[in-house]
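Just below is one structure, and these are the notes that go with it.
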Amino acid sequence: MEIRTFDVLLEEAKKRGRKRLAVVFPEEVSLHAAILAQQAGIAAPVLVGPPDRIAELLQQAGVSAGDYEVVPAGDPVEACRIAVQLAHDDRVDVLLKGGAQTAQLLHAVLDKDTGIRASNVMSECTIYEDTRVRHSLLAVVDGGILVAPTLDEKVESIKNTVGVYHRLGYENPKVAVLAAVETITEKMPCTEDAAIITRMCERGQIKGCVVDGPLALDNAISPRAASIKGIGGEVAGVADILIVPDIEAGNLLGKSMTYFAGFTSAHVTIGARKPVLVPSRADDGQTKLMSVALGIVAYY
Amino acid sequence: MTPMTHLCDIPAAVKGLPRKRMAVAYGEDAHTLQAVERAVKEGIVDAVVVGGKKEITVTAADCGVDTKLFEIIDVEGEMPSVKAAVKLVRDGDAHMLMKGLAHTDNYMRGILNKETGLVPEGGLLSHVAVFEIPAYPRLLVLSDAAVVPLPTLQQKVAITKYAIRVANSLRVEMPKIAFLSASESVLKFPSSQEAAILTGMAVRKQFGNVLAEGPISVDLALFPEVSDIKGFKGRVRGDADILIVPDIDSGNVLYKAIVWFAKAETAAMVTGTIAPCILTSRGDSEDSKFYSIALGALNA
């Protein structure tokens with residue numbers, strides 16, 4: 001059964017019991033996310049950082065320290081190392097970035113010997129609760145990590161995201177490879193990539209989904225727009241996953257969904273053996289909570 | 001409108017049309033004159049033979065060709081004859097061009113000349129072959145096996161468009177196009193990826209009314225039983241009307257394998273010009289020359 005709302009996503013996360021959520025060098029933003037998840041009953045936080053500082057933060061937040069396990073670490077880099085080690089040893093289930101830099105955390109995650117790398121490419125899966133058009137969960141890939149993805153990176157990010165959607169109950173998610181137009185021209189290399197990726201899926205080189213591209217955004221999510229342009233196929237008008245040409249497009253599309261459409265979002269970094277959450281200061285409480293829920297349901 | 005299935009359908013169709021005028025460049029040899037004689041006698045074309053009048057008359061007498069069947073324009077020398085014949089076509093005094101005794105290089109040079117030649121601005125000189133193969137139930141169009149050595153993607157687009165026009169002239173309303181490669185999987189070399197891109201363009205109706213598949217191997221393109229064995233589900237499977245090859249080497253090898261191993265009869269012409277140009281060689285059979293002239297007349 002496809003999960004189409006965040007309410008159901010949260011319920012599904014709860015069914016999986018409290019997951020051990022490692023917060024890597026906690027500060028206000030990440031601690032807020034951990035507290036919300038703890039209070040919603042989906043996480044058992046493990047705070048990796050300086051015990052004194054953590055105690056102070058917990059007191060400021062007004063929560064009971066007993067609900068929060070602490071693992072000492074002196075600085076952000078050490079916190080990254082320890083948290084990834086815990087994940088590596090299956091002693092935590094989810095990683096949540098705190099005061100450590102994203103690059104520091106990903107470096108530890110991707111380490112060949114001590115890391116928890118799974119896929120060749122790490123990609124950001126941002127999911128929007130579309131309450132207006134598709135009445136479903138729509139993913140935008142990738143508005144946060146892949147700056148100028150190569151063909152291979154686009155393919156890997158699709159595979160990462162399709163894996164998440166299978167776990168969200170979508171058996172055969174529809175993937176639209178977006179461009180400004182639906183025709184292919186040498187002047188717009190992303191349209192050529194889209195044509196190649198579509199054929200790769202047709203040939204079974206990308207499994208468990210249907211891919212079509214290039215598609216303009218309206219062709220991807222509006223059956224009316226698709227039919228006016230005479231675009232058939234299984235994806236036009238009913239896309240679940242939107243693959244963008246580059247980070248600018250992804251970031252702009254995502255933020256317009258948040259601010260102009262008012263859709264709630266959740267985001268998780270995919271490609272490691274455990275979900276990695278990188279909260280933004282701009283994330284509100286609902287986004288932080290749903291991101292934890294998404295990470296849990298995507299992996300467990 | 002049923003598609004043509006035999007090369008003899010071409011002259012049959014031409015006979016029902018207003019007769020076209022063919023200029024023959026340097027028609028001083030017996031092979032050429034005999035081919036011209038047959039085409040004129042069978043009502044396929046009117047001919048104007050350009051070359052030394054004395055030589056033409058002597059050769060015709062030697063091989064029993066009646067010089068009253070065609071007009072003669074007296075020009076001495078190979079290159080001047082080529083130029084004069086090309087000029088007839090360029091000026092609209094002839095609808096198509098045939099290579100007589102002239103060397104292919106000189107013939108092509110005459111056609112390609114920027115000021116006086118037959119290739120329009122932005123055009124691409126290309127070659128289209130049509131096969132009647134005993135083991136295949138359709139006429140098979142192949143391009144480009146003889147002229148463009150290493151076509152770029154844009155050149156492949158032009159090559160494909162010319163081939164479609166020829167297929168349409170054979171009454172194939174919705175040609176099935178196979179963009180050939182070594183494998184049907186999209187692999188990391190340019191010809192495979194270009195085949196995927198070209199297929200994408202066809203799916204987006206950028207080639208008009210066609211069905212296309214690529215990358216696709218030649219066995220999947222021509223033999224349905226191979227698609228059955230491999231479980232290949234393509235828009236084209238064992239029923240291609242047009243084969244577009246990655247480059248001239250694969251094209252020429254395929255062309256000759258089809259002629260010699262599959263015992264095919266052929267018709268061929270040069271495309272991308274303002275009028276069809278026939279490029280037969282002494283090695284071609286009598287019928288092949290005849291069908292090539294008919295193909296040119298059909299497309300003139």
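Summarising the local packing, CD of B:Glu225 is surrounded by more than 12 heavy atoms from other residues, nucleotides or ligands at distances under 6.0 Å. By the 6.0 Å contact criterion, NE2 on A:His107 is open, its count of non-hydrogen atoms from other residues, nucleotides or ligands being 12 or less.
Taking both residues in full, the closest heavy atoms of A:Ala195 and B:Gly200 are given as CB-CA, 4.2 Å, listed atom of the first, atom of the second, then distance. Taking every heavy atom of both residues into account, B:Val186 and A:Gln205 meet most closely at N-OE1, 2.7 Å.
Taking CG of B:Leu198 as the reference point, atom CD1 of A:Ile184 lies at 9.0 Å (rounded to 0.5 Å). Atom-to-atom distance recorded for A:Ile196:CD1 and B:Leu187:CG is 11.5 Å, nearest 0.5 angstrom.
With a 4.5 angstrom heavy-atom cutoff, B:Gln154 touches chain A via backbone and side-chain atoms both. Contact of A:Asp152 with chain B is made through the side chain alone, with heavy-atom distances under 4.5 Å. Residue A:Ile197: no heavy atom, backbone or side chain, is found under 4.5 Å from chain B. With a 4.5 Å cut-off on non-hydrogen atoms, B:Val203 touches chain A through its side chain but not through its backbone.
No salt bridge links B:Lys205 with A:Glu182; every basic N to acidic carboxylate O contact stays at or beyond 4.0 Å. At a threshold of 4.0 Å, the pair B:Glu184-A:Arg199 does not count as salt-bridged, since none of the basic side-chain nitrogens sits closer than that to a carboxylate oxygen.
For B:Gln206 (side chain) and A:Thr183 (main-chain N/O), no donor-acceptor pair under 3.5 Å exists by modelled atom type.
Identified under the side-chain hydrogen bond (donor to acceptor under 3.5 Å, both in side chains) test for residues 247-257 of chain A, with sequence neighbours left out: A:Asn251-A:Lys255.
With chain A as partner, the option from B:Lys188, B:Gln193, B:Met201 having the largest number of non-hydrogen pairs under 4.5 angstrom is B:Gln193.
Listed by sequence position, the residues of residues 158-169 of chain B in contact with chain A number zero, using a 4.5 angstrom heavy-atom cutoff.
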